[in-house]
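Reviewing the structure listed below.
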Amino acid sequence: MENANLDAERQRLNELSGKVIGLCIEIHRELGPGLLESAYEECLAYELTKSGHRFERQRALPVRYKEVQLDCGYRLDFVIEGVLILELKAVTEFHPIHEAQLLTYLKLDKKSLGLLINFNVPVLKKGVKRVACGNLFKEETGGGNFFGRLLSLLCASTVAWLR
């Protein structure tokens, strides 16, 4: 892709992710923390429909291993406008494995940007994590490669599990 196309795609994804975060903030202001993830998922589906965004919900994500495609039961919470993966959580805190999970989903689905949204926080701003994969957001993310980031996340997760 040439620079103009990359800039346009980057801007499109940034605007879309901003709108989605806004919808999540609206839901969180209305309901607050403490509900199950499924309740927030239902509300977000309602808000996305109301706002006219095209989305897929609980879309199957097969794993490609060598020449075989395997159905391992992975599901993407939301794929919005075909380009943005949204992973919802209702947990006490994010752990490195959550980011590793989304990063792997982005890689498997060949997407550049995803959002982790944790609704179980007092202020939703503290529960939003943007995760980029590939070269599209390289300048914004400091240029770290996927495998280096994934390895550091998995190592951090292992240390957390051993405690």
Side-chain angles (χ1 to χ4, degrees), residues 1 5-6 8-28 30-31 33-121 124 127-138 140-141 144-147 149-151 153-154 157:
M1 252 191 236
N5 289 344
L6 287 174
E9 183 64 11
R10 207 174 5 256
Q11 182 176 347
R12 175 180 173 227
L13 281 166
N14 284 334
E15 288 174 7
L16 179 60
S17 65
K19 289 176 185 175
V20 171
I21 290 168
L23 294 175
C24 291
I25 288 171
E26 187 175 333
I27 293 165
H28 192 266
E30 183 77 24
L31 298 177
L35 300 175
L36 294 175
E37 180 184 312
S38 58
Y40 299 111
E41 183 181 324
E42 286 292 333
C43 293
L44 185 57
Y46 169 80
E47 290 295 339
L48 287 167
T49 300
K50 194 171 105 178
S51 66
H53 286 92
R54 184 175 50 87
F55 66 93
E56 296 172 90
R57 187 170 159 194
Q58 293 298 319
R59 195 187 85 202
L61 179 66
V63 173
R64 183 124 185 105
Y65 178 72
K66 297 186 178 181
E67 69 280 346
V68 179
Q69 187 165 312
L70 308 167
D71 180 7
C72 298
Y74 290 110
R75 299 248 172 242
L76 301 175
D77 289 341
F78 286 93
V79 179
I80 303 168
E81 300 292 338
V83 294
L84 178 67
I85 294 178
L86 186 63
E87 184 63 27
L88 302 183
K89 300 290 180 195
V91 294
T92 53
E93 63 184 56
F94 279 140
H95 293 286
I97 194 66
H98 296 133
E99 187 176 346
Q101 174 190 22
L102 180 54
L103 202 52
T104 299
Y105 287 173
L106 289 167
K107 179 184 172 238
L108 290 173
D109 208 37
K110 296 176 176 51
K111 302 283 186 275
S112 297
L113 188 63
L115 295 173
L116 272 174
I117 307 284
N118 181 16
F119 282 96
N120 198 27
V121 291
L124 193 68
V128 175
K129 183 138 183 83
R130 201 176 122 107
V131 178
C133 181
N135 293 327
L136 188 61
F137 292 95
K138 198 172 200 170
E140 292 181 17
T141 60
N145 72 25
F146 171 80
F147 292 107
R149 289 180 62 206
L150 182 59
L151 182 59
L153 288 168
L154 291 174
S157 296

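Source: prediction; values computed, not measured. For this chain, numbers begin at 1 and follow the sequence in order.
- The structure places CG of Leu31 at 6.0 Å from OH of Tyr40, a figure rounded to the nearest 0.5 Å.
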Show the atom names and distances, to 0.1 Å, of all donor-acceptor pairs under 3.5 Å that link a side chain in residues 16-27 to residues at least two apart or in another chain.
residue: Ser17; atom: OG; partner: Leu13; partner atom: O; Å: 3.1
residue: Ser17; atom: OG; partner: Asn14; partner atom: O; Å: 3.0

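- Glu42 pairs by the salt bridge (charged side-chain N to carboxylate O under 4.0 Å, His left out) definition with Arg57, not counting sequence neighbours.
- In terms of the side chain to side chain donor-acceptor pair (under 3.5 Å) criterion, Glu30 has no residue partners (sequence neighbours excluded).
- Taking CG of Leu103 as the reference point, atom NE2 of His98 lies at 14.0 Å (rounded to 0.5 Å).
- Atom CZ of Arg12 sits about 10.0 Å away from atom CG of Leu84, to the nearest 0.5 Å.
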With side chain to side chain contact (heavy atoms under 4.5 Å, CB included) as the test, would you mind laying out the steps for Leu116 and Asn118 before giving the verdict?
-> CA-CA 7 Å; Leu116 272 174; Asn118 181 16; over 6 Å; no
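- Listed here is the closest heavy atom pair of Gly114 and Leu106: N-CD2, 3.7 Å.
- To the nearest 0.5 Å, the span separating NE2 on His95 from NZ on Lys89 amounts to 10.5 Å.
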Steps toward side chain to side chain contact (heavy atoms under 4.5 Å, CB included) verdict (Leu113, Arg130) | CA-CA 7 Å; Leu113 188 63; Arg130 201 176 122 107; 3.7 Å; yes
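- Scored by the side chain to side chain donor-acceptor pair (under 3.5 Å) test, Gln69 finds no partners at all (sequence neighbours excluded).
- Residue pairs that meet the side-chain hydrogen bond (donor to acceptor under 3.5 Å, both in side chains) test with at least one member in residues 75-85, sequence neighbours left out, are Gln58-Asp77.
- Every pair passing ring pair (Phe, Tyr, Trp, His ring centres under 6.0 Å) that includes a residue from residues 50-81 is listed here, sequence neighbours excluded: Phe55-Phe78.
- With Leu76 as reference, Arg59 is the one residue of Arg59, Glu56, Lys111 to meet the side-chain contact (heavy atoms from CB on, under 4.5 Å) rule.
- Atom CD of residue Glu41 and atom CG of residue Leu48 lie 10.5 Å apart, to the nearest 0.5 angstrom.
- In this structure, CG in Leu86 is found 4.5 Å from CD1 in Ile80, a value given to the nearest 0.5 Å.
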Test side chain to side chain contact (heavy atoms under 4.5 Å, CB included) applied to Asn120 and Val91, step by step = CA-CA 6 Å; Asn120 198 27; Val91 294; 5.7 Å; no
